[in-house]
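FYI, side chains are in, hydrogens and waters are out, and symmetry mates aren't considered; it's all heavy atoms of this structure. Whatever order the structure lists ligands and atoms in, that order sets their numbers, starting from 1.
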Amino acid sequence: MRRPFIAGNWKMNLSRDDAQSLATELAAELSAAPDCDIAVCPPFVYLETVRTALGESCIALGAQNMYPQPSGAFTGETSPTMLLDLGCQYVILGHSERRHILGETDDQIFGKVTSAIAAGLKPIVCVGETLEERQSDQTASVIQQQFEGSISGLDESQFEKVTIAYEPVWAIGTGEVATPDQAEAVHADLRTLIQTRYNTQLADSVRIQYGGSVKPGNVTELMAQPNIDGALVGGASLAADSFLGIVRGALDH
Ligand code: PGA
């Protein structure tokens with residue numbers, strides 16, 4: 001049985017006060033651990049504020065990106081050791097906004113994934129096709145290419161630390177969610193890729209989150225699919241009510 005995993009990706013949103021209030025409210029509601037892993041990923045500059053506000057709650061802290069070197073002359077970048085220093089357990093890598101807006105390549109993402117794992121962080125590695133790729137029937141090949149380029153060079157013991165997030169680009173921030181069948185088909189394909197590259201045991205144990213317009217009203221149906229193990233939530237993670245609704249909905253399925 002894979003333990004559900006709900007993560008909030010706050011992206012470049014909220015003021016420090018808002019981040020602190022949101023984390024405080026979530027921590028108050030989630031002081032006793034539900035049967036699910038929960039993480040929030042605030043902007044770098046609020047990591048410390050949010051860590052303090054989360055206190056002893058069951059909510060883990062994650063970052064949204066990192067640079068794959070421990071230290072050095074890399075102006076403007078943040079290292080895995082710095083993230084650990086601030087209490088991060090997770091880091092989102094290869095998000096489609098970084099792939100498409102910042103031009104990150106599979107190679108660069110793979111470098112970050114290996115470096116995160118070596119430092120002791122657990123990466124959430126995102127893959128997903130654009131609308132154009134889906135419409136031209138390339139979804140499976142794009143997902144395979146991203147899996148091979150940014151993940152499958154890991155050895156087995158490294159791969160155990162990974163969570164994969166399938167996030168169709170056309171569903172991110174658009175209000176248009178993939179149907180449970182569309183999402184399940186890609187999640188099942190990913191599990192087959194893992195089984196082929198590694199083995200059945202790893203394929204059965206890795207968690208694959210769905211991301212793209214997840215809301216309290218659609219999470220239960222998504223999570224009811226056999227290969228969907230959680231959600232990476234953007235917009236709906238910015239308010240306590242909707243994020244908590246998603247956590248409850250995920251546990252309801
Ligand atoms: P969304 O974003 O929930 O706002 O669609 C998801 C994500 O980008 O991780």
Please identify which atoms of ligand 1 are closer than 4.0 Å to at least one heavy atom of [X].
X: E167; answer: 6 (C), 7 (C), 8 (O), 9 (O)
X: H95; answer: 7 (C), 8 (O), 9 (O)
X: A171; answer: 5 (O)
X: K11; answer: 2 (O), 7 (C), 8 (O)
X: G235; answer: 1 (P), 3 (O), 4 (O)
X: G212; answer: 5 (O)

State, with a plain yes or no, whether a side-chain heavy atom of P80 is found less than 4.5 Å away from one of P70.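 No, too far: nothing below the 4.5 Å cut-off.
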
Of all protein heavy atoms, the one nearest atom 3 (O) of ligand 1 is G234 N, 2.8 Å

Tell me whether T174 has any N or O atom under 3.5 angstrom from an N or O of ligand 1. no

Please check whether I172 reaches ligand 1 - meaning an N/O of the residue sits under 3.5 Å from an N/O of the ligand, judged on distance alone.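 N/O-N/O distance under 3.5 Å: no.
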
Part of A236 with heavy atoms under 4.0 Å of ligand 1, whether side chain, backbone, both or neither: neither

Side chain or backbone of N9 under 4.0 Å from ligand 1, or both, or neither, by non-hydrogen atoms? side chain

At the 4.0 Å heavy-atom cut-off, does [X] count as touching ligand 1?
X: S96; answer: no
X: G211; answer: no
X: G173; answer: yes

Main chain of V206, side chain of R191: is a donor-acceptor contact present, judged purely on distance under 3.5 Å?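 It does hold such a pair.
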
Short question: side chain of R197, backbone of S152 - any donor-acceptor pair under 3.5 Å? yes

Within the supplied structure, the quantity of interest is the number of heavy atoms (other residues, nucleotides, ligands) at a distance under 6.0 Å from E148 CD; does it exceed 12?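 Yes, because the 6.0 Å sphere around CD of E148 holds more than 12 heavy atoms from other groups.
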
Check the surroundings of atom CZ in R16: do more than 12 heavy atoms from other residues, nucleotides or ligands lie under 6.0 Å from it?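 It does not: R16 CZ has 12 such atoms or fewer within range.
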
State yes or no: are the ring centers of Y166 and F147 separated by less than 6.0 Å?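 Not under 6.0 Å, so no.
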
Does the distance from a Lys or Arg side-chain N to an Asp or Glu carboxylate O, for R99 and E104, drop under 4.0 Å?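 The answer is no: the pair does not qualify as a salt bridge.
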
Less than 4.0 Å between a side-chain N and a carboxylate O, is that true for D229 and R3?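 No, R3 and D229 are not salt-bridged.
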
Looking at every heavy atom in both S57 and L30, which two are closest together, and how far apart are they?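 Shortest heavy-atom separation between S57 and L30 comes out as CB-O, 3.9 Å.
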
